[in-house]
Each structure stands twice: as structure tokens, then as C-alpha cells.
2 protein chains.
Amino acid sequence: MARPKTHDESLRLRLLHRAAATVFDRGAAALSLRQLAADVKTSTTAVYSLFGSKAGLLSSLYQEAVRLFAERLAAVRPTGDPADDVIRIGLAYREYAVANPHLYAILFADRGVQCPSDSGRPREVVETYRPLVDAVRRGQRAGQFGTASDPEVIALSVWGMAHGLVSLVLSGNEPPELAVAGCYERALRALVTGWRGGEGSAAGRAAS
Amino acid sequence: MARPKTHDESLRLRLLHRAAATVFDRGAAALSLRQLAADVKTSTTAVYSLFGSKAGLLSSLYQEAVRLFAERLAAVRPTGDPADDVIRIGLAYREYAVANPHLYAILFADRGVQCPSDSGRPREVVETYRPLVDAVRRGQRAGQFGTASDPEVIALSVWGMAHGLVSLVLSGNEPPELAVAGCYERALRALVTGWRGGEGSAAGRAAS
DNA sequence: GTGTTTTCGTAACGGTGTTGTAATACGCTG
DNA sequence: CAGCGTATTACAACACCGTTACGAAAACAC
């Protein structure tokens, strides 16, 4: 009927791959559609016909990053010690973030900054912490965590601590004379220990 | 000697104030120097003679935000229960972040994104967690925390958990069926409890 | 060979931060 | 009081961005 399509799946992958490379080592802000199109020897129109907009391109990149992240966390196989599984998931979390800081930044970027089109759909990052919830649930059944709190709550606290310490490092807000790397695991273990006997045993009940 | 200066301290404050207002409710990305200059009825040159660049302006804004943040955390007066002081500092942390999300975002933004000029100097955010370290130190003396870890390490874990949970909320990565608001304090208390008896009492020593 | 239709590259639009340049407005001098 | 010197400012140009309108290109139908 008309001229043959060159904005096909192959070009889509090439664009995605090149964009991933740029974002990987220079960040999402350093990604220019003009430069990207020139690198892949096409025009900016290709990005718009294949991804809709720059936000759409970043959204596809986001999907890919989340997939890798979920794979990395799911690769932590359960052992007979669920509490230790939680720690190892936390370590894998940190490992991924340190290895791919810019992809990690895309994962946890502000909602407003990115994906203004499909902001209705929930972000899939939250799906990646399912293995953590499962580990906590197994730990509760094994008596390693108190049953006073839902496993989701305990998992969220671990998730928050991992994300917080990793974010401090990646954003350059690490205390100067104190390396997070050296106490990350100890902090996680302290938290796990704190959930053991149910919360609020020592300092609880005062406020709230 | 020449025409009178209008790019003086007064204009500097007006620019800073107007920029703060814009950043406060629309974020740093929505701040345009042209719009800012028009609002204050001057030219963009004023920003460059007073702040050097947009990054310089944001850096001044950063200083201001850090000052407010430090004030808010220092306003938590020590009581006879240091462990509870730690919790209350954590709650104040969250309160500030939720009340001023965009200022909080400036505080913990990527180093690369912002302040490319004065990136040599250490960031002052780390200074704001001094009250937390002090509270932990008092708690150790009172026997509420184990002495196996430096107070800086314990404080950093609390700092990380607060920052992590708050960041998850602000970036829109909160689990859908689970409000952080409802378990934030419980998580902090669990962590404090976990540091009580020295770390690693239950799940320790397995890895590492 | 002409028409039609789909597709794509180019160029333009409105916007940004930044910088070069020319006009301004005063103090000093004659 | 006129005019110069100069510090200081406003304006316009520059290079770049994401996005979009539009005309050219290409393959099929007749």
C-alpha cells in the first residue's frame, strides 16, 4: 500500500539498547532524543512513532530495569533459615543498586518527573518485593519473627531500610567518616532481631 | 562611579523567596529563570550576578532547606528516655519531609544533577543528623542500646530507615494496600529494639 | 503512467540555561 | 554646567532541548 516500515521492532530494540547505554552511565537527564536518533542513524520521528514521547521511552527503559531488578531479587533462593534469607535479599538489593545506579534511579524516580502518560497504572516496583514478604512469612511460621505484625509491615521496614541506606550512598549523602558498606548488613540484622520478639517490648507504648 | 546597583542583597532575598515558593509547590524542575526574573521584575542577569547560575540558586535554596531541616530536628528536646528521643526524631524527620516534599527532594537530590560548581564541598545534610547520634550516645550510656556498635552506626541505620520509608512514599512507590504512615513508628521501634541487646544475637554470625 | 496512501526525514515552534553586547546612569573632571 | 569614564544592567543572540507540522519519498492499484 505504501512505503515499507523501517520504524519496526528491530529499530525499537536498537533505540532502547542505545538509550539504556546512555542512561546507564550518564543518567536519564543526559539522554537527548536528537543525539539518540543520530547515534542510531534515524530521526527523532522514530522515537515518537515507537514510544510516543521521551517519557514513553523512559517508561520502556523502566520496565526493563524493573525486570532485571526483580530477577536479581528472585535469584536469592530460600534456605532453611528465612531470617537469613531476608538479609541476603537485602544484600542483593544493595548489590543491584550499586552496580546500576542510574537504572536504580529510574526505578525510584519521582512519579511527576516521569511517565506522565501512564501514571494511572501502579508502578511495578512494588511487585519486586514479593520475595521479601514471602521470606518474612516463612520466618514467622518458623518462629523467627513475632506474629504481632503483618508480614507486609515487617517486609516494608526491611525494604525501607535497604532503600534508605542505598539512596544515601548513591545521592552522595553518606556521612563522611562512616561507610555504609561496612554497617549495612549489621543494620539489617539489628532490624530483623528487633522484629523477633514482637515490636514495642522495650521502648514501646510510650508515644502513639 | 557608575549606575547604582540594583542587584543587591534585597533583590537577592526577593529572588530566593520567589524561587523557594515555586520550588516548594512545583519542584525544582519547574523553576525557570526567565519566569523567575519576570516575577521579580528584573532580568535573568540578576540571577547570574547574584548566584552565578541556576545551580547556584538551587544551592542557596539547598542551604536554606537544610537550615530549616536541622532546626526542625534540633527542636526535638531530649528527655529522660533517649531511646524514645530517637523515635521522636524519626517522627520529626518524616513530618518535615511530608510537609515540604520538594524541599526534601532538593536536600537528597543526586549530586550530579545539582551544584556542579561547588560539588567539592561536603554536603551539610550529614550535619543534621548530629542530634540523632547524640541521642543514641545518651541511650548507650543509659544502657538502652548495646555498646557493640558505634553510636554513629546505630544512628545511621535509623537515618536510613527514616529516609527510605519517607522516600518510598514521596516517590510514589508505597505498596498499594499498605500505608507507610501506619507502620512507620512501629518499624522505628523494632529497629531500636533490635539494637538493644547488641546486634547479631539471634540471626547473627551466619553470613559475613 | 498517474493516483493514492502510508511512512518518514526535515524544518519549524516554543521553551530552556547561558553568554555577548550595547545601552544606561551615575560620579568625577574640566 | 557639559562631557567623559566606567561600573552595571537589560536585551538579544546562541546552542540546545522535546515536540509537532508538513512536504517529500516509496510502493501498490488502476
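Note that the structure is a prediction, hence the values are computed from the model and not measured. What you see below is based on every heavy atom in this structure, not just the backbone, and it leaves out hydrogens, waters and symmetry mates.
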(Q) Once ring-ring contact (aromatic ring centres under 6.0 Å, His included) is applied, do any residues pair with Tyr104(B), and if so which ones, sequence neighbours excluded? (A) Tyr93(B), Phe108(B), His163(B)
(Q) For Ala37(A), give me all partners under side chain to side chain contact (heavy atoms under 4.5 Å, CB included), at least two apart in sequence or on another chain. (A) Thr42(A), Thr44(A)
Q: Decide side-chain contact (heavy atoms from CB on, under 4.5 Å) for Arg186(A) and Val153(B); before the verdict, give the C-alpha distance in whole Å, the side-chain angles of both, and the deciding distance to 0.1 Å.
A: CA-CA 9 Å; Arg186(A) 268 192 295 163; Val153(B) 170; 3.9 Å; yes
What side-chain donor-acceptor pairs closer than 3.5 Å can you find for residues 26-34 of chain A, not counting sequence neighbours?
residue: Ser32(A); atom: OG; partner: Arg34(A); partner atom: N; Å: 3.3
residue: Ser32(A); atom: OG; partner: Gln35(A); partner atom: N; Å: 3.2

Q | Close residues, residues 35-49 of chain A, relative to DNA chain C [heavy-atom separation under 4.0 Å] | A | Thr42(A), Ser43(A), Thr45(A)
Gap between atoms [atom1] and [atom2], on [X] and [N] respectively (whole Å):
{"X": "Phe51(A)", "N": "dT20(D)", "atom1": "CZ", "atom2": "P", "result": "17 Å"}
{"X": "Arg3(A)", "N": "dG23(D)", "atom1": "CZ", "atom2": "C1'", "result": "12 Å"}
{"X": "Leu57(B)", "N": "dT16(C)", "atom1": "CG", "atom2": "C1'", "result": "15 Å"}
{"X": "Lys54(A)", "N": "dT16(C)", "atom1": "NZ", "atom2": "P", "result": "16 Å"}

**Q.** Verdict with supporting geometry, Asn173(B) and Ser171(B), side chain to side chain donor-acceptor pair (under 3.5 Å)
**A.** CA-CA 6 Å; Asn173(B) 288 106; Ser171(B) 67; 2.9 Å; yes
Q.
Checking Ser149(A) against Trp195(A) for the side chain to side chain donor-acceptor pair (under 3.5 Å) test, could you report, in this order, the C-alpha distance in whole Å, the side-chain angles of both residues, the deciding distance, and whether it holds?
A. CA-CA 9 Å; Ser149(A) 293; Trp195(A) 284 113; over 6 Å; no
(Q) So if I take the C1' atoms of five pairs at each end of the helix from dG1(C)-dC30(D) to dG30(C)-dC1(D) and get each local axis, what angle do the two axes make, rounded to 10 degrees? (A) 50°
Salt bridge (Lys or Arg N to Asp or Glu O under 4.0 Å) partners for [X], two or more places apart:
{"X": "Arg141(B)", "answer": "none"}
{"X": "Asp134(A)", "answer": "Arg137(A)"}
{"X": "Glu174(A)", "answer": "none"}

Q.
Nearest to the side chain of Lys5(B), heavy atoms from C-beta on, is which of dT9(D), dT16(C), dC26(C)?
A.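 That would be dT9(D).
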**Q.** Nucleotide nearest Ser53(B) when distance is taken to its side chain, options dA25(C), dA27(D), dT18(C)
**A.**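 Selected nucleotide (nearest to the side chain): dT18(C).
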Side-chain donor-acceptor distances from residues 5-12 of chain B under 3.5 Å, at least two apart:
residue: His7(B); atom: ND1; partner: Ser49(B); partner atom: OG; Å: 2.8
residue: Asp8(B); atom: OD1; partner: Leu11(B); partner atom: N; Å: 3.1

Q | For DNA chain D, the residues among residues 7-15 of chain B that have a non-hydrogen atom under 4.0 Å from it | A |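 Contacting residues: His7(B).
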(Q) Quick test of your reading: applying ring pair (Phe, Tyr, Trp, His ring centres under 6.0 Å), list the pairs with at least one residue in residues 167-187 of chain A, sequence neighbours left out, ordered by first then second residue. (A)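 Qualifying pairs, neighbours excluded: none.
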Q) In Å, rounded to the nearest 0.5 Å, how long is the span from CG of Leu191(A) to CD1 of Ile87(A)? A)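 Taking CG in Leu191(A) and CD1 in Ile87(A), the distance rounds to 8.0 Å.
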Between the protein and nucleotides 12-15 of chain C, which nitrogen or oxygen pairs are less than 3.5 angstrom apart?
residue: dA12(C); atom: N6; partner: Arg34(A); partner atom: NH2; Å: 3.2

Q | Carboxylate-amine/guanidinium contact Arg189(A) Asp84(A), below 4.0 Å | A |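 Asp84(A) and Arg189(A): salt-bridged.
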